[in-house]
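Just below is one structure, and these are the notes that go with it.
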Amino acid sequence: MHARVGPPGCVDMRLLVVEDELKLAAYLHKGLTEEGFVVDLAHNGVDGLHLAMEGDYDLLVLDAMLPGIDGLGVLAALRQSKQTPVLMLTARIRVEDRVKGLQSGADDYLVKPFAFSELVARIQVLLRRARPLREADGAAVLGLADLELDLLRRKATRAGRRLDLTAKEFNLLTLLLRRQGEVLSRTEIAEQVWDMNFDSATNVIDVAVRRLRGKLDVPFERALLHTVRGMGYMLEARDP
Ligand code: CA
């Protein structure tokens with residue numbers, strides 16, 4: 001039997017790589033297999049979409065420029081029914097392309113040419129994120145500045161004062177706190193907290209964030225929950 005050489009945590013993680021440059025595809029297949037992933041390849045958008053819809057993948061590495069259906073087309077079709085994490089590979093670096101891709105449901109971007117180690121690191125981040133909140137390892141108490149969240153007792157306090165949160169608000173705050181300092185898109189918040197997709201959820205997220213902010217920040221001097229225009233929301237202790 002062939003022993004896996006990858007670090008634990010990759011074991012039995014299945015990836016689909018959709019890339020039309022054959023040499024790059026073969027290189028990624030070889031490298032990711034060596035990292036311990038189970039890797040399938042598709043060389044065009046049509047095959048990629050078909051495999052992604054039929055297969056049970058933990059993550060897609062999706063090239064943006066593909067014959068047949070391009071990466072954004074594959075992503076849009078996939079997102080109708082599946083929330084598999086997608087890391088897009090792109091030659092384009094313009095901010096508006098990035099934003100367009102993230103709005104269409106890509107979870108992350110990597111601009112070509114990239115270092116293989118960076119690809120692996122980003123894949124691992126996305127796979128970790130995709131795990132349900134309750135399975136995430138780590139402390140039972142999360143904190144930021146004077147905010148504290150006790151996950152076992154499901155109790156939130158700020159400056160020692162109890163915050164009266166609904167179950168969804170508590171889950172939303174848990175997600176934001178686990179990922180403090182990172183911008184979370186509405187898409188991701190919708191998937192992780194509401195198990196919904198983006199189109200149906202935008203307004204739900206905004207309303208929930210506003211309510212959470214009313215309890216979390218409004219009564220206190222320093223705001224922790226920030227809106228990042230056009231991108232999403234972020235929990236961070238900024239200098240007053
Ligand atoms: Ca390409």
Side-chain angles (χ1 to χ4, degrees), residues 4-7 9-10 12-130 182-188 190-191 197-199 230-232:
R4 287 184 193 282
V5 291
C10 301
D12 295 331
M13 284 294 177
R14 298 193 55 188
L15 308 185
L16 174 63
V17 175
V18 189
E19 170 59 67
D20 61 316
E21 289 167 51
L22 298 182
K23 272 173 87 169
L24 178 59
Y27 169 75
L28 293 178
H29 183 270
K30 181 168 181 289
L32 291 170
T33 303
E34 282 171 4
E35 289 292 326
F37 297 105
V38 178
V39 185
D40 288 341
L41 280 183
H43 296 301
N44 60 64
V46 177
D47 291 349
L49 179 59
H50 178 73
L51 281 173
M53 296 296 283
E54 299 297 314
D56 185 20
Y57 294 101
D58 296 291
L59 183 139
L60 258 67
V61 177
L62 179 62
D63 186 29
M65 301 288 281
L66 291 166
I69 315 172
D70 73 2
L72 284 180
V74 170
L75 187 58
L78 181 74
R79 283 285 176 264
Q80 301 284 323
S81 58
K82 284 199 159 187
Q83 299 304 327
T84 315
V86 171
L87 173 61
M88 287 205 83
L89 304 179
T90 175
R92 297 175 296 188
I93 51 170
R94 292 189 307 152
V95 171
E96 47 273 40
D97 290 331
R98 247 183 82 90
V99 170
K100 201 163 84 183
L102 290 169
Q103 282 172 343
S104 343
D107 298 276
D108 200 3
Y109 259 86
L110 202 51
V111 176
K112 291 177 174 180
F114 51 84
F116 182 72
S117 56
E118 186 177 5
L119 174 71
V120 172
R122 297 225 188 173
I123 286 173
Q124 282 165 345
V125 167
L126 289 180
L127 290 174
R128 259 203 310 278
R129 271 186 207 172
E182 259 183 75
V183 182
L184 295 181
S185 68
R186 291 175 177 81
T187 313
E188 189 170 357
E191 286 166 20
N197 61 28
F198 179 63
D199 292 338
M231 299 295 284

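Indexing begins at 1, ligand by ligand and atom by atom, following the structure's order.
Of the residues listed (R79, R128, R122), the one engaging D107 in a salt bridge (Lys or Arg N to Asp or Glu O under 4.0 Å) is R79, and it is the only one.
In terms of modelled atom types and a separation under 3.5 Å, the side chain of D58 and the main chain of R14 share a donor-acceptor contact. Under the 3.5 Å distance criterion, the side-chain polar atoms of K82 are matched with a main-chain donor or acceptor of M53.
For D20, the N, O or S atom with the smallest separation from the Ca ion (ligand 1) is OD1.
Put simply, the angle at the Ca ion (ligand 1) from O in M65 to OD2 in D63 is close to 80°, to the nearest 10°.
When distances to the Ca ion (ligand 1) are checked against a cut-off of 3.0 Å, E21 contributes no N, O or S atom below that limit. Using a cut-off of 3.0 Å, one finds that E19 contributes no N/O/S atom close to the Ca ion (ligand 1).
Of all heavy-atom pairs between L51 and Y57, the closest is O-CE1, 3.3 Å.
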